[in-house]
Amino acid sequence: MSTPHLRRAAAAVSVAVVLPLALTACSSDSKDSASGSAASSAKSSPSAASSMPANMNDPFGPACSSVAKDGAGSFSGMAKDPVATAASNNPALSTLVTAVKKAGLVDTLNNAQNITVFAPTDDAFAKIPKPDLDKLLADKAELTKVLTYHAVGRKLTPKQLESGSYATLEKSDLKTSGSDMAYTVNNGSKVVCGNVPTANATVYIVDSVLMPPK
């Protein structure tokens with residue numbers, strides 16, 4: 001075979017070898033790029049668990065974000081005070097605190113040990129027509145009955161709220177249900193910030209006032 005023919009044959013062989021290698025490299029780069037994009041996307045997408053507390057013993061719920069980050073009204077601050085005092089440092093519980101004072105229950109709640117309190121927010125009390133709320137606040141006996149119905153004589157964990165019936169300090173039972181950090185009391189009042197520690201109680205802040213059975 002002549003020298004020009006040999007050179008052309010060698011060139012053809014080189015192209016035949018290099019081209020598949022180049023295509024393989026391009027394909028690999030494309031896959032790596034796609035894989036990297038997918039990984040990046042997965043990292044940037046919030047997971048369903050992101051709304052859960054990092055520690056299952058921590059407070060949870062949508063209203064927890066409005067709690068002060070530091071000071072007496074923060075979670076760490078409330079944990080140092082007995083429950084009635086702790087509630088007085090949370091602006092969202094001002095109506096409840098007023099009611100507790102009118103009923104003369106501050107010492108009762110502060111001196112109780114290892115209780116659970118379902119604490120209605122100001123918005124919860126606002127659901128009651130004003131004439132009815134004013135009447136309740138003026139009737140110490142009835143107010144005491146309603147407020148003690150919000151307290152259970154032992155500490156309840158979120159797990160225990162999934163399906164339970166618990167005796168209150170008022171002596172009637174209340175019922176809890178739910179799962180995955182979404183709980184209701186008496187099938188109507190929702191826990192909006194739960195598992196809040198105080199010095200002598202666990203608090204579940206709720207969006208409706210609980211009324212004891214007649």
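The basis for the numbers below is simple: all heavy atoms, side chains too, and nothing from hydrogens, waters or symmetry mates.
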Connected via hydrophobic side-chain network under 4.5 Å: [X] and [Y]:
{"X": "L136", "Y": "L105", "value": "yes"}
{"X": "Y183", "Y": "Y166", "value": "yes"}
{"X": "V192", "Y": "M181", "value": "no"}
{"X": "V106", "Y": "V203", "value": "yes"}
{"X": "V117", "Y": "V196", "value": "yes"}

Could you check whether any side-chain heavy atom of [X] comes within less than 4.5 Å of a side-chain heavy atom of [Y], counting everything from C-beta outward?
{"X": "S74", "Y": "K69", "result": "no"}
{"X": "T198", "Y": "D81", "result": "no"}
{"X": "N111", "Y": "P82", "result": "no"}
{"X": "C193", "Y": "S65", "result": "no"}
{"X": "V209", "Y": "H150", "result": "yes"}

Output the distance between atom [atom1] ([X]) and atom [atom2] ([Y]), rounded to the nearest 0.5 Å.
{"X": "L93", "Y": "I205", "atom1": "CG", "atom2": "CD1", "value": "5.0 Å"}
{"X": "S208", "Y": "F125", "atom1": "OG", "atom2": "CZ", "value": "11.0 Å"}
{"X": "T108", "Y": "L169", "atom1": "OG1", "atom2": "CG", "value": "9.0 Å"}
{"X": "L143", "Y": "K102", "atom1": "CG", "atom2": "NZ", "value": "8.5 Å"}
{"X": "S189", "Y": "D207", "atom1": "OG", "atom2": "CG", "value": "5.0 Å"}
{"X": "T202", "Y": "K155", "atom1": "OG1", "atom2": "NZ", "value": "4.5 Å"}

Below 30° counts as parallel, above 60° as perpendicular, anything between as tilted: where do the rings of F118 and Y204 land?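 If you compare the ring of F118 with that of Y204, the planes turn out parallel.
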Stepwise side chain to side chain contact (heavy atoms under 4.5 Å, CB included) check, R154 with V152: CA-CA 6 Å; R154 61 190 177 107; V152 171; 4.2 Å; yes
Has [X] got a side-chain atom pairing as donor or acceptor with [Y]'s backbone, closer than 3.5 angstrom?
{"X": "T184", "Y": "G188", "value": "no"}
{"X": "N90", "Y": "G73", "value": "no"}
{"X": "T116", "Y": "L156", "value": "yes"}
{"X": "Y149", "Y": "D173", "value": "yes"}
{"X": "N186", "Y": "L174", "value": "no"}
{"X": "N200", "Y": "V83", "value": "yes"}

Closest contact, heavy atoms only, [X] versus [Y]:
{"X": "A84", "Y": "N110", "value": "N-OD1, 2.9 Å"}
{"X": "L147", "Y": "A99", "value": "CD1-O, 3.5 Å"}
{"X": "E162", "Y": "S179", "value": "CG-CA, 4.4 Å"}
{"X": "L210", "Y": "V146", "value": "O-CG1, 3.7 Å"}

Kindly indicate, with the supporting measurements, whether the criterion side chain to side chain contact (heavy atoms under 4.5 Å, CB included) is fulfilled by M211 and I128. CA-CA 11 Å; M211 292 298 179; I128 302 174; 3.9 Å; yes
Using a 6.0 Å cut-off, check whether atom [atom1] of [X] has over 12 heavy atoms from anything other than its own residue.
{"X": "K127", "atom1": "NZ", "answer": "yes"}
{"X": "D70", "atom1": "CG", "answer": "no"}
{"X": "K80", "atom1": "NZ", "answer": "no"}

Sort out for me which residue in T98, L96, V97 forms a side-chain contact (heavy atoms from CB on, under 4.5 Å) with V100.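 When side-chain contact (heavy atoms from CB on, under 4.5 Å) is applied between V100 and each of T98, L96, V97, only L96 qualifies.
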